[in-house]
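Everything on this sheet refers to the single structure shown next.
Throughout, protein chains are lettered first and strands after them, A, B, ... in sequence-line order, and every chain is numbered starting at 1.
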Amino acid sequence: MDQQHFFQRGLIAWYQPEDRPLPWKGIQDPYHIWLSEIILQQTRVEQGMNYYLRFVEAYPSIRDLAAAPDDEVMKLWEGLGYYSRARNLLAAARYVTTELGGVFPTTYTGILALKGVGAYTAAAIASFAFNLPHAVVDGNVFRVLARFFGISTPQDSTAGKKEFTQLAESLLQRDQPALYNQAIMDFGATVCLPRNPKCGQCPLRTECVALRDKRITELPVKSKKLIKTERFFHYLIFNYEGKVFIQKREEKDIWLHLYQFPVVEAARLDLDWGALKQALVDKGWIEEQAEIVPRPGSKSFQQLLTHQVINARFWEIDLPVLPAGVPTDWQLIPRTALSKYAFPKVIDRYLQDKGLYLELG
DNA sequence: AAACCGGGGGC
DNA sequence: GCCCCAGGTTT
């Protein structure tokens, strides 16, 4: 208990809000706080910053966001990853606007009920916007608590989540939850870093269990191992009279609701054209006797995801006539319109490499 | 409980 | 090449 008191006092004494100024810090508008928290889920502050600023400018109020077309929001989110966040963001904005009369929920459970809002985000919004006493438990908090209190329970286990959450709640300074929550996250982000933490200048070093026991590099503990699968995508760039076919990804897979070129997934990247063409015939996209030949020099790119390695190869094909079996979900769009659609990063890189965006002028 | 969902940066 | 990031949802 003495150790807990030391932790609380030391943290508050150390914290200087102005040391790390951020656009969403010190404000109380729940819409802007919610927006920032969704964007920052599993995302570095530096990476999410510009997205936050662009969203705030594009949608000054939650009603503006609710009124936005789906594809427009996806385009604004393009490149940030975890695209279900954008979908949930829009769904929640529409829910608040239509079902709650545009009034953002003011209770923890009300906030938690919003799509895309879990325990962390609900606690963050509740404390920052309404000064409600709920402790945030994010990656920073797991790390700080695991080290200072010497906790080796895996943070990604059920028992670990419960243990860390209970400890965080017991440490929360209930008379100033917003300040305390900001302090512990800033502390984790600037002092108690994942690697090479600044223990030499840490205000809590005299009581830190991990530092005392030389276990800084061992804590926090994560138990789950990552399983990576490798996939091979062959994208077909079907050119026809200055236009190109794209389609929206609707299957339950990565990049849901993003656009792409027609794609054949194969077991390897080094297919010859004969094998790939046969796959197109098998899918019913083209006729067996169709005289279709790709341009020489197809390009390959790789993209790394958390659980997958995506190997992509782009085949450019000039169509003299439209194929017989064009699926109904394919869209034939002018090449100059490509920049209006949200694509996976690997396709975006291909388009950048080709300089296709430059045609827009 | 485990799997899945992106992209970027640091070392 | 590996880990982590202002996590959440689905199975």
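The hydrophobic side chain of A:V103 is isolated, with no ILVMFWY side chain under 4.5 Å apart from it. Taking a 4.5 Å side-chain heavy-atom cut-off between Ile, Leu, Val, Met, Phe, Trp and Tyr, the cluster of A:I216 extends to A:L211.
By the side chain to side chain donor-acceptor pair (under 3.5 Å) test, A:R195 is found to be paired with no residue, residues two or more places apart in sequence or in another chain being considered. Evaluation of the side chain to side chain donor-acceptor pair (under 3.5 Å) rule for A:D270 yields A:R268 as partners, not counting sequence neighbours.
From the 5' end on, the contacts that DNA chain C makes with chain A at under 4.0 Å to a non-hydrogen atom open and close at C:dC3 to C:dT11.
Protein atom CD of A:Q308 is 9 Å distant from nucleotide atom P of B:dG6, rounded to whole Å. Distance CZ (A:R231) to C1' (B:dG6): 14 Å, rounded to an integer number of Å. Note: OH (A:Y83) to C1' (B:dG8) measures 12 Å, nearest angstrom.
For the pair A:Q41 and B:dG6, the criterion of a side-chain N or O lying under 4.0 Å from OP1 or OP2 is not met.
Contacts between residues 108-126 of chain A and DNA chain C, counted as heavy-atom distances below 4.0 Å, involve A:K115, A:G116, A:V117, A:G118, A:A119, A:Y120, A:T121.
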Hey, can you pull the donor-acceptor pairs under 3.5 Å for the side chains in residues 117-124 of chain A, sequence neighbours left out?
unit_1	atom_1	unit_2	atom_2	d
A:Y120	OH	A:E37	OE1	2.8
A:T121	OG1	A:Q41	NE2	3.0

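Closest-nucleotide positions on DNA chain B for A:L305 and A:S223 were compared, and the one nearer the 5' end corresponds to A:S223. DNA chain C is contacted by both A:K252 and A:N140; A:N140 maps to the nucleotide lying nearer its 5′ end (nearest heavy atom per residue).
Distance noted for atom P between C:dT11 and B:dG6: 15 Å (whole Å). C:dG8 sits 23 Å from B:dG9 when the P atoms are compared, rounded to a whole Å. Comparing the C1' positions of B:dC5 and C:dC5 gives an interatomic distance of 15 Å, to the nearest angstrom.
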Can you check nucleotides 9-11 of chain B for protein contacts, nitrogen or oxygen pairs under 3.5 Å, and list what you find?
unit_1	atom_1	unit_2	atom_2	d
B:dG10	N2	A:R195	NH1	2.9

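At a threshold of 4.0 angstrom between heavy atoms, the contacts of A:Q155 with the nucleic acid are absent. Within 4.0 Å of A:T306, counting heavy atoms only, lies at least one base atom of the nucleic acid. Residue contacts for A:G48: at a heavy-atom cut-off of 4.0 Å it reaches no nucleic acid atom on any strand shown. Across all strands, A:L22 comes closer than 4.0 Å to base atoms (heavy-atom distances). Contact annotation for A:D156: no contact, since no heavy-atom pair falls under 4.0 Å across all strands. Using a 4.0 Å heavy-atom criterion, one finds that A:I39 contacts no nucleic acid atom at all. If you check every strand for non-hydrogen atoms under 4.0 Å, A:W24 touches a base.
Annotation: side-chain hydrogen bond (donor to acceptor under 3.5 Å, both in side chains) contacts involving residues 16-27 of chain A, sequence neighbours excluded, comprise A:R20-A:D186, A:K25-A:D186. Applying the side-chain hydrogen bond (donor to acceptor under 3.5 Å, both in side chains) test to residues at least two apart or on different chains, none of the pairs has a partner in residues 203-216 of chain A. The salt bridge (charged side-chain N to carboxylate O under 4.0 Å, His left out) contacts involving residues 302-331 of chain A comprise A:R295-A:E316, A:R295-A:D318, A:E316-A:K354, where partners must be two or more places apart or lie in separate chains.
Annotation for A:E250: atom CD counts as buried by contact number, over 12 foreign heavy atoms lying within 6.0 Å. When the shell of 6.0 Å around OH of A:Y240 is examined, it contains more than 12 heavy atoms from other residues, nucleotides or ligands.
Electrostatic pairing of A:R349 and A:D353 does not count as a salt bridge here, judged by no charged N lying under 4.0 Å from a carboxylate O. A salt bridge links A:K75 with A:E78: the distance from a Lys NZ or Arg NE/NH1/NH2 to an Asp or Glu carboxylate oxygen falls below 4.0 Å.
Both the sub-6.0 Å distance and the 45° axial angle are not jointly satisfied by A:R85 relative to the ring of A:Y82.
If you run side chain to side chain contact (heavy atoms under 4.5 Å, CB included) between A:F128 and each of A:L179, A:D29, A:I33, A:I27, only A:I33 comes through. With A:F245 as the partner, the side chain to side chain contact (heavy atoms under 4.5 Å, CB included) test is satisfied by one option alone out of A:L319, A:I333, A:I237: A:L319.
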_Watson-Crick and G-U pairing of DNA chain B written in dot-bracket, each distance under 3.5 angstrom, with | for inter-strand partners_ = |||||.|||||
